[in-house]
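Structure first, then comments.
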There are 2 protein chains.
Amino acid sequence: MMLSRASKYAILSTLYLAEHASENRKISVKVIAESIDVPSPFLAKLFQQLVKGKIISSTKGPNGGFYLTKKNQKKNVLDIIENIDGLNRINECFLGLSECDGTNPCPVHFIVEPFKNSILGKFRDKNIMEFSQEIVSKGRKLTIKDISTEINS
Amino acid sequence: MMLSRASKYAILSTLYLAEHASENRKISVKVIAESIDVPSPFLAKLFQQLVKGKIISSTKGPNGGFYLTKKNQKKNVLDIIENIDGLNRINECFLGLSECDGTNPCPVHFIVEPFKNSILGKFRDKNIMEFSQEIVSKGRKLTIKDISTEINS
DNA sequence: ATATATTAAGACCTTTTTATCTTTTATATA
DNA sequence: TATATAAAAGATAAAAAGGTCTTAATATAT
Ligand code: FES
Ligand code: FES
């Protein structure tokens, strides 16, 4: 019931592409990595894999970068997770039992299951573009920078 | 928003102690490790730490082992998590933002938050003994062995 | 007292995950 | 066609998590 850091980065940066990139406004790894505050060589690797998985697209050279085609836009967040982590990890039992399943429920299964269904639904029922539009209109964040408005010495 | 394997083991085995051990029925690491199907040297380490944290108790020597005192029984599951993982990990943003917080919500924050509150409540509002009694009466499992009733060649 | 069973302590190893670096390849455009 | 730019590929490194092993300490029962 948990995402790797890798798939978190992949989700956030794909949503960033959905919002900011297009076929004639491709964006480089470096820019994205800075925007959503993730390590850029690591993100580059993830993007290679997402391109192979046909979740996102890329072109090399000047003005090259990453973007989403119409087809890419039809993918959903669960496709990203599947591409990076596979589906096992997110389906695991919250307490680590070998199966997560209502017939042999762990002590928190019936609290976890509704949440799991609801978040998997969220990740499956809208495509990337719809998901992105929703989060933009609702003002959801893909990064939090400058939390540090704190007392410095 | 996730537990390490270590704290999962710790939770399951402490609940096992609550159910099966007592001051005059102490249980060895080896027996517990086999019962809930976790690696025993690893569990031994975790138990050392839980003893230091006064979550569980132990005595050495023949008929020694681990058990819960009255005081131990008053601890809750969140105390176990805090002792092994600290509290940061379970409070992290589901998508990895640097803060999980309603004023800067990630795209799934408002799905995650109610679940987080509910599971943290579950882990905090009953002590170990009460929690254990509840899961026993409801038939919740601490392990699933022998899932393999499958077709073998 | 002695033998034995069991935890405590700490060093060590392995695997997985995360992150970086270097070289090659493709592409746009000057 | 040369040059610059950006991704692809793949080797490598660092860190974290998970797991094991050996020796020491200690409590119990005989
Ligand atoms: S979450 Fe534990 S069995 Fe489903
Ligand atoms: S879960 Fe992402 S901000 Fe709360």
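Numbers restart at 1 for each chain; the letters A, B, ... are given by sequence-line order, proteins then strands.
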Open item on the list: Are V77(B) and I111(A) linked, directly or through intermediate hydrophobic residues, by side-chain heavy-atom contacts shorter than 4.5 Å (ILVMFWY only)?
Closed with: yes
Open item on the list: Would you say I80(A) ends up clustered with V112(B) if hydrophobic residues are merged whenever their side chains have heavy atoms under 4.5 Å apart, either directly or through other cluster members?
Closed with: yes
- [ ] Determine whether more than 12 heavy atoms belonging to other residues, nucleotides or ligands lie under 6.0 Å from atom CG of N88(B).
- [x] no
Task: 5' precedence on DNA chain D between S58(A) and P62(A) (nearest-nucleotide basis) - done: P62(A)
Please state how far atom [atom1] in [X] lies from atom [atom2] in [N], giving the value in whole angstrom units.
X	N	atom1	atom2	value
F42(A)	dA7(D)	CZ	P	17 Å
Q48(B)	dT23(D)	CD	C1'	13 Å
L46(A)	dA7(D)	CG	C1'	14 Å
M2(B)	dG18(D)	CE	P	10 Å
I56(A)	dA7(D)	CD1	C1'	11 Å
L43(B)	dT20(D)	CG	P	11 Å
R25(A)	dA6(D)	CZ	P	15 Å
I27(A)	dT5(D)	CD1	C1'	16 Å

TODO: Look at the side chain of P41(B) and decide which nucleotide, out of dC21(D), dA27(D), dA8(D), has an atom nearest to it.
DONE: dC21(D)
Task: D85(A) versus S7(A), side-chain donor and acceptor atoms under 3.5 Å - done: yes
Open item on the list: Quiz question: by atom type and distance under 3.5 Å, do the side chains of T143(A) and D37(A) form a donor-acceptor pair?
Closed with: no
Have a look at [X] and say if it touches a base, only the backbone sugar-phosphate, or nothing, with a 4.0 Å heavy-atom cut-off.
X	answer
F66(A)	sugar-phosphate
K8(B)	nothing
A44(B)	nothing
G61(B)	base

TODO: Give me the first and last nucleotide of DNA chain C, going 5' to 3', that has any atom under 4.0 Å from a heavy atom of chain A.
DONE: dT17(C) to dT29(C)
TODO: Looking only at non-hydrogen atoms, find the nearest pair between R89(B) and S4(B) and report the distance.
DONE: NH1-CB, 3.5 Å
Open item on the list: Both N63(A) and L3(A) contact DNA chain C. Which one's nearest nucleotide lies toward the 5' end?
Closed with: L3(A)
Task: salt bridge (charged side-chain N to carboxylate O under 4.0 Å, His left out) against K138(A), all qualifying residues, sequence neighbours excluded - done: E134(A)
Task: Side-chain-base donor-acceptor pair under 3.5 Å for K45(B) and dG18(D) - done: no
